[in-house]
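In what follows, a structure is listed as C-alpha cells, so that the remarks can point back to it.
Note: hydrogens, waters and symmetry copies are ignored here, and every other heavy atom, side chains too, is used. Sequence lines set the chain letters: A, B, ... in the order given, protein chains first and strands last, and positions in each chain run from 1.
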Amino acid sequence: MTQDLTYFKNFGEQVEQRLNKLSQFEQPYPPRVKRQHTAAEAIKLFEVAEAKVTEESSESPVIEVEVAGRLVTMRVMGKSTFAHIEDGTGRIQIYARKNDLGNERYNELKKSIDLGDFIAVQGHLFRTRTGEISVHLVDFQLASKAIHPPPEKWHGLKDTEIRYRQRYLDLSVNPEVRDVFVKRSKIISATRQYLDERSFLEVETPTLQAIYGGALARPFTTHHNTLDMDLFLRISDELYLKRLIVGGFEKVYEICKDFRNEGISTKHNPEFTMMECYWAYADYQDMMRLTEEMIAYVAQTVNGTMIINYNGREIDLTPPWRRLNLAEGIKEHTGIDIFESYGDVDALWAACQAKSLKLSPQPSWGKLVDELLGEYLEPTIVNPTFIHTFPVDVSPLSKQSPDDPRMVERFEMFVAGMECGNAYSELNDPIIQRQRFLEQQAYGQADKEAHAMDDDYVLALMQGMPPTGGLGIGLDRIIMLLTDQKSIRDVILFPHMRPQA
RNA sequence: GAGCCGUUAGCUCAGUCGGUAGAGCAAUUGCCUUUUAAGCAAUGGGCCGUGGGUUCGAGCCCCACACGGCUCACCA
C-alpha cells in the first residue's frame, strides 16, 4: 500500500489505530460477503424450531445461520467473547470461543475488529444462560472497516449540530430517530394511498419556473446558461396543477419540494414537502371534508389512532373538525369587527390601537386581518380547526363568496397553533383573475410578496376551468404532529445548515 | 435581522475564587471461556470553537467573529 494517509491521520489517535488495523487485512472492503439471514429472521428461525422441539423432545435445535451487520457492542472475556451485531432488522448477539476459532482467528476478532465495523458471521444458534438467542461463531469475515470510531454506546449522539450534519451517525445510534423517519415514509405512503384510492392522478410539474406563483412568498433564483435566462425554484405548484384541470384531468395531486427564500425556524425549512391536490366540481367545503378525512386516515394508518399527543397536549383528529369563520373568530378574541373598517387599513389599524393590540403595521387591510389571525387566533387553536372566509386582497387565486364579495371561499387548517394547510374554491374567471393580478402589482410597491402577473396562466383560464376545489398541505408539519417532534429539522433527514466553520 | 444560551478528549459531560486540564464510555496493554452499560489493573489521548484584549498568569474576565440551539421578528 502506497496510499497517502496523512489526511486521515489528522483525525486523531483512534483513527490512526484503526488505520493500522486496516492495513492488516488483505480485503478490508470485500466486494461481497455471505449473508443468508437477517438478525430478525435468525431469531425467528430459532424461536419456531425451539417451539417444535419442546413439543417433541427436549433437545436444543441445531440451526446454522449466516448473518451480517455492524458491530455495536463487544465484551471480550479472555478466551471467549460476546458481541452484538446490528442490521436493518435489529440486533443479534454473537458468541466466539478461542477453542472454536483457533488462536489466529480469535485474536484477529479480538484485536483487529472494532466497534462500528461491519462483519459477516457463520455459526449455529443457541440460547445463552441468560436466555438470549445468539450465534455461536464458527467463522467470520470483515465486511467493511470503519476507520472512524462510533459515538458513545450509552448516551448516543446528542450534539444537535453533529446530528443534523452527520445524520447517518444520528440514525445509526439513535433508534428513535430512525423510527421518526420510518414513520415519515409511512405517512407519505398513506397520503398517496388515500388519494390514489379516490382516483386522484399523481403528476409531476416543473420545479424550475420562469414565473413563480401560487403562493405569496419570495423565491430562490437560478440561471439557465444556454437560454441565458433567470429561472425560479417553485414556491408552489398550484398554477401548473390547475392548468391540468383546464386540460381535463378532474383530480390531480403532486407531492413535491417547494422552495421559499425566507427565514429558517423550528417550523420553516427553505425547502419543504408540499402536497397539493385539485378536484374539479368540488369547492372549499368539499376540500374541508377531504382534508379532515385524509389526515384522520393517515393518523389511523400509521399510528393506529386518531388521537395524537403533541408537545404534551392531547389532540383529537377525529372528523368532523371545527369550522370557524375568520371574522367571527377575530371578533371573539379581540372584540374587533373587521367589516367596520373594510378595505381601510388605517381605520382597522386605529381600531386595533384603540384596543391596545400588539400588531406589526401591514401594507393592506387584508394583511392586517391576516396579522390579527396570526397573533390572536392561531395561538389559541389546539384541536384541528378550519378557519374560513378570507379577505380578497390576500387571496388572489380564490373565488369570492357569492354572498359577500369582500371575502373569498378559502380556509386555512390549524392544529396545535400551527398552520398546516390552505385551500379554496379556485378562481376560474380569467377576467377577474387578471384584475386580481393587477391589484397585486399595485400592492407590490409596498409588499415584496405580492403575486406576480402571470398572463400565461390567465391564457389557460381563458380556455375554461371547471369549478374546482384546491388544497395544499405542508406534509412536514403533519409529520411533526404525528411523530410528536417540536422542530421541522427533526422530520427532515438533511435540514438546511450553514457551511461549517 | 434581534435577544438569550451553548461550543472542553472520538462520544456524553464536569471544571470551584483567574493559578500548569478531569470523569465515564471509547482506545492501548495485561488478566479473565455464558457476558450484555461485563469486571479488574495500568497506560495513552486536549488548538478548552476562532481571533484579539486585560492580567505576572485566562478553559474561566472583556471585545469581535464563526457555528449550533431556543425565543422573537420575517414567513403559510
Side-chain angles (χ1 to χ4, degrees), chain A residues 10-18 20-21 72-84 91-101 106 110-111 114-116 126-132 134 136 146-166 169-170 173-174 214-218 235-236 238 258 260-270 272 274 358-360 362 367 370-371 373-375 378 387 390 394-395 410-414 418-423 448-449 472-474 476-477 486-487 489-490 495 497-501:
Chain A
N10 286 335
F11 281 83
E13 185 195 34
Q14 294 202 39
V15 169
E16 199 163 347
Q17 284 164 351
R18 282 166 182 249
N20 291 336
K21 293 176 181 180
V72 288
T73 68
M74 178 134 89
R75 297 171 292 282
V76 180
M77 294 175 306
K79 298 181 184 63
S80 79
T81 294
F82 283 94
H84 278 96
R91 291 184 175 195
I92 189 166
Q93 182 167 252
I94 60 177
Y95 174 56
R97 290 198 313 184
K98 197 170 191 171
N99 289 5
D100 307 320
L101 289 175
Y106 185 76
K110 230 169 69 168
K111 299 288 182 188
D114 290 303
L115 292 181
F126 75 110
R127 235 180 235 282
T128 63
R129 224 171 257 173
T130 51
E132 180 166 352
S134 309
H136 192 131
I147 60 172
H148 199 291
E152 209 244 5
K153 63 181 174 185
W154 186 243
H155 297 93
L157 181 67
K158 292 186 175 173
D159 186 302
T160 45
E161 189 168 352
I162 303 177
R163 285 187 49 230
Y164 295 150
R165 286 191 199 279
Q166 297 175 256
L169 281 183
D170 191 26
V173 101
N174 295 326
L216 307 180
R218 274 177 280 174
I235 58 171
S236 164
E238 166 161 356
D258 285 352
R260 297 188 184 175
N261 204 339
E262 284 153 2
I264 297 172
S265 78
T266 49
K267 295 185 176 64
H268 301 84
N269 196 61
F272 62 100
M274 183 77 114
K358 286 178 193 163
L359 297 164
S360 328
Q362 297 295 325
K367 284 245 167 186
D370 209 30
E371 170 87 358
L373 161 65
E375 292 299 312
E378 189 173 324
I387 293 182
F390 277 69
V394 290
S395 316
R410 171 183 176 191
F411 70 84
E412 289 185 344
M413 162 205 163
F414 294 88
M418 191 159 59
E419 194 214 323
C420 296
N422 182 22
K448 288 175 200 152
E449 275 117 30
I473 287 185
D476 307 282
R477 291 181 179 177
K486 280 118 213 109
S487 171
R489 291 182 203 99
D490 291 319
M497 303 288 270
R498 286 177 201 252
Q500 224 159 346

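By the 30° and 60° cut-offs, the orientation of the rings of A/Phe126 relative to A/Tyr95 is tilted.
With A/Tyr164 contributing its side chain and A/Asp159 its backbone, the two residues share no donor-acceptor pair below 3.5 Å.
Contacts of A/Phe272 with the nucleic acid, taken as non-hydrogen atoms under 4.0 Å apart, are absent. Within the 4.0 angstrom heavy-atom criterion, no nucleotide atom of any strand lies near A/Arg18. Residue A/Gly472 is out of contact with every strand shown, counting any heavy-atom pair closer than 4.0 Å. Across all strands shown, A/Val173 has no heavy atoms under 4.0 Å from either base or sugar-phosphate atoms. Backbone-only contact: A/Lys21 has heavy atoms under 4.0 Å from sugar-phosphate atoms and none from a base.
Of the side-chain N and O atoms in A/Arg489, none sit less than 4.0 angstrom from OP1 or OP2 of B/rG68. Between A/Ser80 and B/rC32 there is no side-chain polar atom (N or O) within less than 4.0 angstrom of OP1 or OP2. Within the 4.0 Å cut-off from OP1 or OP2 of B/rA38, at least one side-chain nitrogen or oxygen of A/Arg75 is found. At least one side-chain nitrogen or oxygen of A/Arg165 sits closer than 4.0 Å to the OP1 or OP2 atom of B/rG68. Residue A/Arg97 places no side-chain N or O under 4.0 Å from the OP1 or OP2 atom of B/rU33.
In this structure, the nucleotide among B/rG44, B/rG30, B/rA26 sitting nearest to the side chain of A/Lys111 is B/rG30. Nearest to the side chain of A/Glu161, among B/rC67, B/rC74, B/rU34, sits B/rC67.
Nucleotide B/rC4: paired with B/rG69 (Watson-Crick or G-U wobble, both distances less than 3.5 Å).
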